[in-house]
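Notes to accompany the following structure.
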Amino acid sequence: MSRIGLFFGPEKGSVHRAAEKVAAAIGTDKVDMISVNNAAASDLEKYDKIIFGISTVGKETWDSEYSNTDWAKFFPEVSKAAYKGQVVAIFGLGDHITYPEHFVNAIGRLAKELMKQNVKLVGSVSPEGYEFEDSEALIDGQFVGLPLDEDFEPELTDERIGAWLKSIQSDFGF
């Protein structure tokens with residue numbers, strides 16, 4: 001079995017903690033955790049199976065077009081990678097109370113870029129049970145990745161990760 005590349009950012013905080021939970025649930029012996037702050041397109045090309053962990057940042061950062069974030073630096077690398085049919089899943093953090101009209105938008109932005117590539121995107125999630133007004137992560141009535149809200153629903157994180165991993169298990173082979 002090939003190892004899974006789990007690319008996450010930012011390097012500290014809620015996304016990192018969620019990435020650690022995902023890796024632990026899969027088995028840390030099967031996952032390479034890579035901070036996007038230190039990654040390049042060539043790192044993405046090393047893996048047949050990739051999980052991305054991303055957060056949606058507040059409006060003050062959108063106005064600067066993510067220029068100061070780890071993902072701002074890494075996002076161009078996503079576009080440069082030569083994908084060869086990799087299986088990809090995304091989880092993302094958002095705040096459904098403070099930013100209900102932009103809930104987990106980063107999942108959608110990343111997914112739309114990946115859809116332009118030759119990847120198999122898996123891990124869609126029903127919006128049922130989530131409270132929000134709008135999200136770029138909703139495509140054809142489903143979130144194109146796993147939304148997590150560590151600010152206001154941390155008690156749901158473990159259950160949501162478990163259910164999501166079960167849904168992608170056959171595609172990822174863990």
Side-chain angles (χ1 to χ4, degrees), residues 3-39 43-44 47 49-58 61-62 66 68-75 77-78 86-100 102-114 119 121-132 135-139 142-169 171-172 174:
R3 295 182 64 78
I4 297 166
L6 197 165
F7 292 81
F8 67 94
E11 211 165 335
K12 297 178 182 176
S14 299
V15 173
H16 187 193
R17 285 190 302 276
E20 287 177 332
K21 288 180 179 197
V22 168
I26 293 170
T28 55
D29 60 320
K30 300 172 187 157
V31 177
D32 292 332
M33 289 186 58
I34 303 119
S35 168
V36 298
N37 192 39
N38 304 313
D43 295 311
L44 292 169
Y47 296 94
K49 296 169 177 57
I50 299 170
I51 297 175
F52 288 108
I54 190 169
S55 62
T56 301
V57 293
T61 309
W62 298 325
Y66 294 96
N68 296 320
T69 68
D70 293 349
W71 272 93
K73 298 168 192 160
F74 181 67
F75 207 85
E77 299 297 313
V78 172
Q86 279 97 332
V87 176
V88 177
I90 306 168
F91 69 88
L93 275 70
D95 172 343
H96 81 281
I97 300 294
T98 310
Y99 302 105
H102 303 287
F103 184 57
V104 297
N105 277 356
I107 292 175
R109 291 178 181 151
L110 178 57
K112 288 170 187 166
E113 183 58 38
L114 291 166
V119 302
L121 190 59
V122 300
S124 63
V125 173
S126 168
E128 187 176 320
Y130 289 90
E131 293 182 35
F132 63 99
S135 177
E136 289 182 35
L138 277 178
I139 297 177
Q142 298 282 309
F143 286 115
V144 289
L146 171 66
L148 299 170
D149 186 342
E150 283 287 278
D151 293 325
F152 293 99
E153 297 179 329
E155 72 282 0
L156 300 175
T157 296
D158 290 343
E159 179 183 336
R160 286 175 171 167
I161 287 173
W164 181 67
L165 289 175
K166 186 175 181 181
S167 78
I168 66 172
Q169 185 173 12
D171 289 303
F172 275 78
F174 53 80

| Just by distance, do the side chain of Gln169 and the backbone of Phe174 share a donor-acceptor pair under 3.5 Å? | yes
| said: Can you tell me how the ring of Phe74 sits relative to the ring of Trp71, calling it parallel under 30°, perpendicular over 60° and tilted otherwise? | reply: perpendicular
| Counting distance only, does the side-chain N/O of Asp149 pair as donor-acceptor with the main-chain N or O of His96 below 3.5 Å? | yes
| field | Polar side chain donor-acceptor pair, Tyr47 to Asp32, under 3.5 angstrom | value | yes
| message | I'd like to know whether the aromatic ring centres of Phe143 and Phe91 sit less than 6.0 Å apart in this structure. | response | no
| field | Side-chain (Tyr99) to main-chain (Gly94) donor-acceptor, under 3.5 angstrom | value | no
| field | Reported CD-to-CD distance for the pair Glu128 and Gln142, which is rounded to 0.5 angstrom | value | 10.0 Å
| request: With sequence neighbours excluded, tell me which residues meet salt bridge (charged side-chain N to carboxylate O under 4.0 Å, His left out) with Asp151. | output: none
| message | Holding to ring-ring contact (aromatic ring centres under 6.0 Å, His included), I want the full list of residues that pass it with Phe75, two or more places apart in sequence or in another chain. | response | none
| Spacing of Ser126 atom OG and Leu138 atom CG [to the nearest 0.5 Å] | 9.5 Å
| field | Reference residue Ile90; test side chain to side chain contact (heavy atoms under 4.5 Å, CB included); the match among Ile51, Leu121, Leu146, Val122 | value | Leu121
| By side chain to side chain donor-acceptor pair (under 3.5 Å), which residues pair with Glu150, not counting sequence neighbours? | Thr157
